[in-house]
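For reference, the structure is listed below as structure tokens.
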2 protein chains.
Amino acid sequence: MGREPMTQVVARHLRDAIQSGELEPGARVGQESVATELGVSRIPVREALRQLESEGLVVIVPNSGAKVAVLDFEECAEIYKMRERLEPLAFAESVGRLTDEQKDDITRLRLELEAQTGHAQAYLEGDRRFHLACYAGVATPRMLKMIVDFWNTTQRYRRILIGTFSDEDYDLNNFEHRLIAEAALNGWGRRGEDLIRMHIERSRFRLSHHQDLFNR
Amino acid sequence: MGREPMTQVVARHLRDAIQSGELEPGARVGQESVATELGVSRIPVREALRQLESEGLVVIVPNSGAKVAVLDFEECAEIYKMRERLEPLAFAESVGRLTDEQKDDITRLRLELEAQTGHAQAYLEGDRRFHLACYAGVATPRMLKMIVDFWNTTQRYRRILIGTFSDEDYDLNNFEHRLIAEAALNGWGRRGEDLIRMHIERSRFRLSHHQDLFNR
DNA sequence: TCGCTCAAGATTGGATCCAATATGGCCAAG
DNA sequence: CTTGGCCATATTGGATCCAATCTTGAGCGA
């Protein structure tokens, strides 16, 4: 059994750094600095950066370097619109193939998430886990990867947005999750599609109400 | 003005080779052979392969090598289902921002395409150009790239499928294109969405009728 | 004949080195 | 004071070389 390629290690490291906010959008990501920090040569760093670029996390300018991707409001909204189309499909494909364990996961994650109400950071992580659990039945990894990439590229901005949540915002979110979970557990594909679309759509509307968060 | 990075040159070369059918699905893509063929070192080849992997054109197995991606029927159908969701969105976002030149392109490409009726290879190319022209108004490149990647990964399989077209299949296709073009030229977003979804859906149905083409 | 072991060859992964390009500061001209 | 051009420096892009891993096929034994 072979060791894991350094490229993957570097990619994961940078991915985490970007999503945790350690590397802010627009921040320069120098090959040399990353290489020395992780004790590897620049080669795996370069390949990792290409991978992250394809995931939408960084932007590479030839002969200039890589920077953490910056999303303006329009781009962010566009991603939400794509999610509104793709995630209902993922739900429909997932429902019906969910094992009992996976259904239990959905319920468990939903309850854990509700328990984190008000704690922005933990809620963010839990929210992600819950939604992805709903798509656990998707057979082809391609669609799942696209969705995960969407979540990753917007994670940084959802964190900002969730800071503006009122108690009622949390409640509404939790309630929508309960409806979605119900649909998943009962195999209601079509109903789940609508719920998920509306769920994401509401997030997008909220996003457009806080458009100012993108200016700076 | 700087020269274009070798990585991009290699990537384009391999992309063309894969789409033209020169490299068949499952074919091994050795770094060394590509490098010597193009007169470059293996470094840009490796980076190009990573890029193509992110586009879904090749599959890289660590320490083993890269192979042209093979799609089974399920994966191919899944991509079509995603297209059925995303391309209507792209149409809706594009329509309304189309310039007069872009509208002329749509008409011109549609007529050129009809003139190629019966010529599988040329029809394939024209079909692609026509559809992409309908999305020319999309502002954010991210969605467009995803759609192009979908077309690229399935190009090889559409070629097989188009070989089974009867005269009536061509006619139906051309007629649907006329309806789509009409919607684009008149800015009928919602109508265009439905037409495109049904257009792709019909292709997917045809695909499932020729499922045997995937067995070998 | 079939399956297993193991070593030689081939191929990929990574490090180091050199060339090409962009960045940033400095100086001079307007 | 601003702006344009120029050169030193830092950083990326690519080539070459070495190490690690996988693949292949011959040999052996059941």
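Letters go in sequence order (proteins before strands), and every chain restarts at 1. As a basis for the values below, the full set of heavy atoms in this structure was taken, side chains included, without hydrogen atoms, waters or symmetry mates.
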Distance check needed: [N] [atom2] versus [X] [atom1], whole Å only.
{"X": "B:M6", "N": "D:dT16", "atom1": "CE", "atom2": "C1'", "answer": "16 Å"}
{"X": "A:K67", "N": "D:dT12", "atom1": "NZ", "atom2": "P", "answer": "13 Å"}
{"X": "A:I60", "N": "C:dT21", "atom1": "CD1", "atom2": "P", "answer": "19 Å"}
{"X": "B:E53", "N": "C:dT12", "atom1": "CD", "atom2": "P", "answer": "14 Å"}
{"X": "B:E32", "N": "D:dC17", "atom1": "CD", "atom2": "P", "answer": "12 Å"}
{"X": "B:R50", "N": "D:dG14", "atom1": "CZ", "atom2": "P", "answer": "16 Å"}

For [X] and [N], is the shortest distance between a side-chain N/O and OP1 or OP2 below 4.0 Å?
{"X": "B:R28", "N": "D:dC22", "answer": "no"}
{"X": "B:Q8", "N": "D:dG13", "answer": "no"}
{"X": "B:Q31", "N": "C:dA10", "answer": "no"}
{"X": "B:S64", "N": "D:dT23", "answer": "yes"}

### Message
Measuring from the side chain of B:T7 (C-beta onward, heavy atoms only), which nucleotide among D:dG14, D:dT12, C:dA22 has the closest atom?
### Response
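In terms of side-chain proximity for B:T7, the closest of D:dG14, D:dT12, C:dA22 is D:dG14.
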### Query
Would you call the rings of B:Y135 and B:F91 parallel, tilted or perpendicular, where under 30° means parallel and over 60° means perpendicular?
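If you compare the ring of B:Y135 with that of B:F91, the planes turn out perpendicular.
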### Query
So A:Y170 and A:F165, would you call those rings parallel, tilted or perpendicular, with 30° and 60° as cut-offs?
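The arrangement is perpendicular - the two ring planes meet at more than 60°.
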#### Entry: Test item: A:E53 and B:S54 side chains (from C-beta on) under 4.5 Å apart, heavy atoms
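Sidechains of B:S54 and A:E53: no contact.
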### Query
With side chains defined as the heavy atoms from C-beta onward, is the minimum distance between B:L71 and B:E75 less than 4.5 Å?
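The answer is yes, as the side chains (C-beta and beyond) meet within the 4.5 Å cut-off.
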### Task
With a 4.0 Å heavy-atom cut-off, tell me which residues in residues 37-47 of chain B come close to DNA chain D, sorted by residue number.
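Only B:V40, B:S41, B:I43, B:P44 qualify.
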### Message
Between A:D16 and A:R12 (salt bridge meaning N to carboxylate O under 4.0 Å), is one present in this structure?
### Response
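Not counted as a salt bridge, because no side-chain N and carboxylate O are separated by less than 4.0 Å.
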### Query
Under 4.0 Å between a Lys/Arg side-chain N and an Asp/Glu carboxylate O for B:R129 and B:E112?
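Salt bridge between B:R129 and B:E112, a charged N being under 4.0 Å from a carboxylate O: no.
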### Query
In terms of heavy-atom contacts, does CD of A:E22 have more than 12 from other residues, nucleotides or ligands at under 6.0 Å?
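No - once you tally the heavy atoms of other residues, nucleotides and ligands closer than 6.0 Å, there are 12 at most.
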